[in-house]
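The analysis underlying the following values was restricted to heavy atoms, covering all of them including side chains, and did not include hydrogens, waters or symmetry mates. Convention: sequence-line order gives letters A, B, ...; per-chain numbering from 1.
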Amino acid sequence: MASYTCSAADLIPHLGPNVANATAVANTICGGFSAVSSSLSDTTYAINTTYLLFSAYLVFAMQLGFAMLCAGSVRAKNTMNIMLTNVLDAAAGGLSYYLFGFAFAFGPSSNGFIGRHAFGLTGVPSPLFDYSFFLFQWAFAIAAAGITSGSIAERTQFVAYLIYSSFLTGFVYPIVSHWFWSSDGWASASRTDGNLLFNSGVIDFAGSGVVHMVGGIAGLWGALIEGPRIGRFDRTGRAVVLRGHSGSLVVLGSFLLWFGWYGFNPGSFLTIAKVYGTDGSFYGQWSGVGRTAVTTTLAGCTAALTTLFSKRLLDGHWNVTDVCNGLLGGFAAITSGCSVVEPWAAIICGFVAAWVLIGCNKLAEKLKYDDPLEAAQLHGGCGAWGVLFTGLFARERYVSEVYSPGRPYGLFMGGGGRLLAAQIIQILVIFGWVTATMAPLFYGLHKLKLLRISSHDEMAGMDLTRHGGFAYAYHDEDDHSNIPGFTMKKIEPMNSSPHDRTPPPPSDEV
Amino acid sequence: MAASLTCSADELAQYLGPNATAAATYICSHITSINTTINDKFSDTAFAIDSTYLLFSAYLVFSMQLGFAMLCAGSVRAKNTMNIMLTNVLDAAAGGLFYYLFGFAFAFGSPSNGFIGHHNFALKSVPSPLFDYSYFLYQWAFAIAAAGITSGSIAERTQFVAYLVYSSFLTGFVYPVVSHWFWSPDGWASASNTDNLLFGSGVIDFAGSGVVHMVGGIAGLYGALIEGPRIGRFDHSGRAVALRGHSASLVVLGTFLLWFGWYGFNPGSFTKILSPYTSGNYYGQWSAVGRTAVTTTLAGCTAALTTLFGKRILSGHWNVTDVCNGLLGGFAAITAGCSVVEPWAAIICGFVAALVLIGCNKLAEVVKFDDPLEAAQLHGGCGAWGVIFTALFATEKYVNEVYPGKPGRPYGLFMGGGGRLLAAHVIQILVIIGWVSATMGPLFFILHKFNLLRISAEDEMAGMDLTRHGGFAYVYHDDGDEGNKHGIQMKRIEPSAQI
Amino acid sequence: MAASLTCSADELAQYLGPNATAAATYICSHITSINTTINDKFSDTAFAIDSTYLLFSAYLVFSMQLGFAMLCAGSVRAKNTMNIMLTNVLDAAAGGLFYYLFGFAFAFGSPSNGFIGHHNFALKSVPSPLFDYSYFLYQWAFAIAAAGITSGSIAERTQFVAYLVYSSFLTGFVYPVVSHWFWSPDGWASASNTDNLLFGSGVIDFAGSGVVHMVGGIAGLYGALIEGPRIGRFDHSGRAVALRGHSASLVVLGTFLLWFGWYGFNPGSFTKILSPYTSGNYYGQWSAVGRTAVTTTLAGCTAALTTLFGKRILSGHWNVTDVCNGLLGGFAAITAGCSVVEPWAAIICGFVAALVLIGCNKLAEVVKFDDPLEAAQLHGGCGAWGVIFTALFATEKYVNEVYPGKPGRPYGLFMGGGGRLLAAHVIQILVIIGWVSATMGPLFFILHKFNLLRISAEDEMAGMDLTRHGGFAYVYHDDGDEGNKHGIQMKRIEPSAQI
């Protein structure tokens, strides 16, 4: 990395004729500095790998966050099911991403559409990427699948889940990430051959589009095709809130996601030991990393506060689960532009994201669309807003530092409309691609009767019918009749009660 | 960390003999430029390492907010869970905005007077050679921790609006001013003040037993005093009745997360890891960081064990929530001195902290003070002990390494360093109590007078989740929906025994 | 990692020709002093990076203790939750003190004989060039993990006092001695022993499938064997009855936290990240660290999937707690060889580990062995498989990179490295079984004979939380206190009010 200008050949002529052995002198003076250069390069590798690995661990912690958020947001009778899907996202994703997902996404020397090298990590490590890069990208891939699982929770057959999850992690998502993040991708902002889309490429730094929109839109199709949960809309068509069973788990999951997002966004720099411009300045990529963490924080905080007050005005109570969703919406939105916008812009981003989420939720209710975790609205809607936001507010200086100098930047910052055009293209192609792949898949599963569980199973809860029992047994006296199967019946007393309920939404009672 | 190795071409030319000016210039310019380049590279490397260290420490400190949320949630009754968790989420969120807009400027804005900073609002002129974005993030994570402490003291009976008001005020003004005094290089009592140290020493509150824990604890003390105990906390004969939290699992989860995060809180407060004490030696700031992690661990462990056996003797059973509180008391106490004491001293610190906490709890019971999370006792009491402890046990060597540039500083009384550090620390305790009393006391009192502080008795009985937050936190049984009238739900949730 | 800019004035003077001694001296003194500065800075930088890496790895390993606590809590019945969580908190707290006082000295104290260390008690002479505080913290986090494993095996029926006794003994003596044998440079079976390698090879137990997992698992095996199964675990006809844990959410939470922490456990065991294999090359220890994280991930993932489908075939449903256990089995198995095998081999490792776990569980059922967390089967069984696996699949290149300084070491049998490594590993399994049997077996037996091991049958039926720990972990229903008819239970939750 470090290039020193001491070359023996340059030095020799200067030494003149007096010197007995000019070559040896030159070698003595110049030699050894290459060893310094090597050591400095070792140091840089060690720092950057440490940074990337711990960022990857943080991103992995988001999977735990998703698991807890999903578990808390569904009813107790489906907890085992949703947690199992989250565990399997990570596990199945690990194998499929290792075997071919990574190759599709980043396999070197590829065309603009798909990679086709480095299957099973052959040829890794290479000067291009190390194992730590694979681990980081794997953690991203499983996040996308985790988003979708929220949308179709509580009513989907486990087999359908296994199929779509492998397909999404192993094929649909890697290709999208290839387009926008691989140096060979047709819309990538770091495309090496210089042929950038609109001379700009798409700036989706950590994946509002690549990760969140992909997961959200896949969830949208799944939830649309299988329809709402039983009881979600009453016979007059009014929406009924089916509350999750544990607010504590929702808050736990949201905080863990927040924690992990510090790996997701700042970690996407991949390296931290990199100078901008001159050596020896206090300002370098480490400042960019810190700024990214700050913009991320501010966007989420603003979105949470906006949601708090808006929901108070709209519904009349201070609702913690809504605040958590608002928070996550702010994060999903800032993800695209986190590294190239100013902190004040992040506040705008979070403010609008909260309203986008509220709007999407209103719309979903109108259309009788049921998404137990609001995943399609949150990750799809706020993710799309985030992509646009970057096209509006990206700052020239940061764009040139993070990508390369002299490129288009945000419309409102005076950078013209080319970046925005590229970002709009991104939204359209992601929507098109995910629709073209996931919708037929879900439709096929639906036709084969592999998608939705029977209404009897849905009423009884999947944990009982598919997963060997309920998640919770708080009362030990169940034991005395602990004949397999009988326990399960006793835990669930609703079997004896009829189900013609017209419960008022909680807001009515306050 | 620049090495000054000037190479003079003139001098070299003399040595090289006649007609060697060109060669001498060439050789010297090379040696100089190589030297400069290497120094710059090392400077880059140091920024990268220190930023990595500080950022990940900040993330750990942030995870303490999750720990607080879970600890608080588990320690209150199920009917108030949503309320307390919402306050914890908002501490972080509102704190993020306020600290960005003016909190950071009050605390660290530079240049400033000794009392309050008045530059760098909304991170203007950041990054600068003084501080980078990562420093702001780290300090923000500290600020929200202080507010989180207070929310525990006033849990289960406070209006949500009052909560929003005091939290913004604490994070945006009260806490930043205190942190300016003790941590900013301009602060009047800071140990790194460059021109005029308090008692020739300044206050050594390394990671904030006083600045964070006492501030949060005393604020909570006033809030809880002014609104009085929860209904049912003391029966008509005045005897204390334990109102148990609803989930010990959440308490343990929260405690372990706080422990985990404390490794960012204490060792992270160095803010830099790459600074050698003697260049080339195996012993440097990295060792001090490791030592800080070790003293933190030992203080907490000792406090936990002391509490275990103490409580066993006093109350007859092995109580996990008490052990968790003892553990946290040990951490709160070691926070001030973690970087300047020996590991064996940390054991003493933890042992006494556990006794302080038990004593404070007894006292609170006697004076009918009700704090659902023992936050005032734990963070206020053990925090104050930690400040004193530092003044007694700080070792000379470590004080000079951690606060360099001023040889011969006072250190711990018991270590032979005289009483000046202790005097400074007593001053710290007094001014923190004074300042927080002067700001938070009136605030809570005014809220109280305007009937904005405490919820109505019916709301308190029914639980705030139902009346303010749209429903309970838990719905373990699905049929609960049908008859969602007040109370009926609660009885019906527990059907298993009827069968 | 010294950069060598050696400059000899004599030599240079010859090259420069006659009368150039002064010039040569001048140039050389400059280069030499630059060289010294650079070397010092490189050394500082390396210490800072390696310490940062090791400390954050230690924090991750510590978070596994939280994972264990949640996993154990979720896997037992609600009436014993407080008990098991208290044991987990105390593992960490008591472990901290004991490991500080003598555990670390037994394990790594230097100089020492091959069997046990006998220096550095209470961190005397630490930091030294051999190890810094951060190394102690890392090893402490390992030690408490071993005790955590055992607590799972004997859950729900063990007296708290017995727990305190065995936990101190295990963390303070049994485990440190084993880790000395295999990890200390002085240990008789260590792969980094400098003078006399076992079978010319030493045991490659990189992060402790044997040293940590087998020790914890076998200790648990003896405990659980000697006290016998829980009441109701096997019905009168001898059929096994599943006593389900009370919360699958906690199980999943704990499992994910363990997974998270395992990234500190396995890759962190390098303890250094800045050591190039060839200076200036992109491939160095940082790549090996990354590879270790990848092999760990793949082994766990494969084991989880294998368990999912295996259990679906065997028991007919998709079971999340079994999948979690399978996942952990895969991790326990890859731990020994994580740094020296190829990613594809990790998949084999995980696949077999899942089958080993299923087999051990079947066997346990047949012999009426009751282990509430399957800890003996999981950590003992899969750990032993991991030790064998390493001896079969370790690749030559990686073994030489990770254990340098001794070219031509034996490696995996299936990779063409001969049987000497396998022989060493079989020895390891035998001595660990022998040592733990010889120490923990008698200990549990004596406790049993003195009636200190198992609680009374009534206590077991009522749950330890009520009888020993002051009440149940959960109070979801607040009105419960008065109106709970079914409800004896609920009244009894709060005994303090009756006193």
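- For the pair A:Trp318/B:Val161, a side-chain contact is recorded, criterion being any heavy-atom separation below 4.5 Å from C-beta on.
- Taking every heavy atom of both residues into account, B:Leu55 and A:Ala293 meet most closely at CD2-CB, 4.4 Å.
- The shortest non-hydrogen separation linking B:Ala93 to A:Trp258 is N-CH2, 4.3 Å.
- In this structure, a donor-acceptor pair under 3.5 Å is absent between the side chains of B:Tyr133 and A:Thr292.
- When every heavy atom of B:Gly96 is checked against every heavy atom of A:Leu298, the shortest pair comes out as O-CD2, 3.7 Å.
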Would you sort out whether A:Trp344 and B:Tyr100 count as a side-chain contact (heavy atoms from CB on, under 4.5 Å), showing the intermediate values?
CA-CA 10 Å; A:Trp344 59 259; B:Tyr100 164 72; 3.8 Å; yes

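- Heavy atoms of B:Leu54 lying under 4.5 Å from chain A are absent altogether.
- Both the backbone and the side chain of A:Val294 have a heavy atom closer than 4.5 Å to some heavy atom of chain B.
- Your options are A:Ala303, A:Cys301, A:Gly290, and the one with the most heavy-atom pairs under 4.5 Å with chain B is A:Cys301.
- With a threshold of 4.5 angstrom between heavy atoms, B:Phe47 approaches chain A through its backbone and through its side chain.
- Looking at A:Val275, only its side chain comes within 4.5 Å of chain B, counting heavy atoms on both sides.
- With respect to chain A, the highest number of heavy-atom pairs below 4.5 Å among B:Asp40, B:Asp50, B:Asp465 belongs to B:Asp40.
- Side-chain contact between B:Phe472 and A:Ser246 is absent, with no heavy-atom pair separated by less than 4.5 Å.
- With rounding to the nearest 0.5 Å, the separation of OH in B:Tyr59 from CG in A:Leu58 is 7.5 Å.
- Between chain B and the options A:Gly280, A:Gly461, A:Gly247, heavy-atom pairs under 4.5 Å are most frequent for A:Gly280.
- In this structure, B:Leu90 CG and A:Leu327 CG are separated by 9.5 Å, a value rounded to the nearest 0.5 Å.
- When side chains are defined from C-beta on, B:Tyr474 does not count as touching A:His245, because their heavy atoms never get closer than 4.5 Å.
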Without placing hydrogens or testing angles, list every side-chain donor-acceptor pair under 3.5 Å for residues 281-289 of chain A, not counting sequence neighbours.
unit_1, atom_1, unit_2, atom_2, d
A:Ser281, OG, A:Tyr283, N, 3.0
A:Tyr283, OH, A:Arg291, NH1, 3.3
A:Tyr283, OH, A:Glu401, OE1, 2.8
A:Tyr283, OH, A:Glu401, OE2, 3.4
A:Gln285, OE1, A:Tyr276, OH, 3.0
A:Gln285, NE2, A:Thr271, O, 2.9
A:Gln285, NE2, A:Thr271, OG1, 3.0
A:Trp286, NE1, A:Phe282, O, 2.8
A:Ser287, OG, B:Asp132, OD1, 3.4
A:Ser287, OG, B:Asp132, OD2, 2.9

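- Using a 4.5 Å cut-off between heavy atoms, B:Thr81 touches chain A through its side chain atoms alone.
- Atom CG of A:Leu305 sits about 5.5 Å away from atom CG of B:Leu97, to the nearest 0.5 Å.
- Note: A:Phe259 and B:Phe62 have parallel aromatic rings, judged against thresholds of 30 and 60 degrees for the angle between ring planes.
- When all heavy atoms of A:Ile272 and B:Ser51 are compared, the pair lying nearest together is CD1-CB, 4.1 Å.
- For B:Met82, the parts lying near chain A are the backbone and the side chain together; criterion is any non-hydrogen pair under 4.5 Å.
- For the pair B:Arg468 and A:His317, the tightest heavy-atom approach, listed with the atom from each and the gap, is O-CB, 2.8 Å.
- If you take CG on A:Asn319 and NE2 on B:His469, they are separated by 9.0 Å, rounding to the nearest 0.5 Å.
- At a 4.5 Å heavy-atom cutoff, B:Ala122 makes no contact with chain A through either its backbone or its side chain.
- Nearest heavy-atom pair, A:Ser248 versus B:Leu250, reported as atom, atom and distance to 0.1 Å: OG-CD1, 3.6 Å.
- Heavy atoms closer than 4.5 Å to chain A are found in the side chain of B:Phe56, but not in its backbone.
- When the candidates A:Ile47, A:Leu249, A:Val250, A:Val320 are compared by the number of heavy-atom contacts under 4.5 Å with chain B, A:Val320 comes out ahead.
- Counting heavy-atom pairs closer than 4.5 Å to chain B, the top residue among A:Leu252, A:Val323, A:Thr321, A:Thr302 is A:Leu252.
- Remark: side-chain polar atoms of A:Asp279 are not paired, donor with acceptor, to backbone N or O of B:Lys41 under 3.5 angstrom.
- A distance of 8.5 Å separates OG1 in A:Thr50 from CD1 in B:Ile49, rounded to the nearest 0.5 Å.
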Given side-chain contact (heavy atoms from CB on, under 4.5 Å), test B:Val89 with A:Ser254 step by step and report yes or no.
CA-CA 9 Å; B:Val89 174; A:Ser254 300; over 6 Å; no

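- Of the two parts of B:Leu66, the backbone and the side chain both hold a non-hydrogen atom closer than 4.5 Å to a non-hydrogen atom of chain A.
- Contact annotation: the side chain of B:Leu86 approaches that of A:Leu308 to within less than 4.5 Å [non-hydrogen atoms, C-beta and beyond].
- We find the OG1-CG distance between A:Thr44 and B:Asp44 to be 9.0 Å, quoted to the nearest 0.5 Å.
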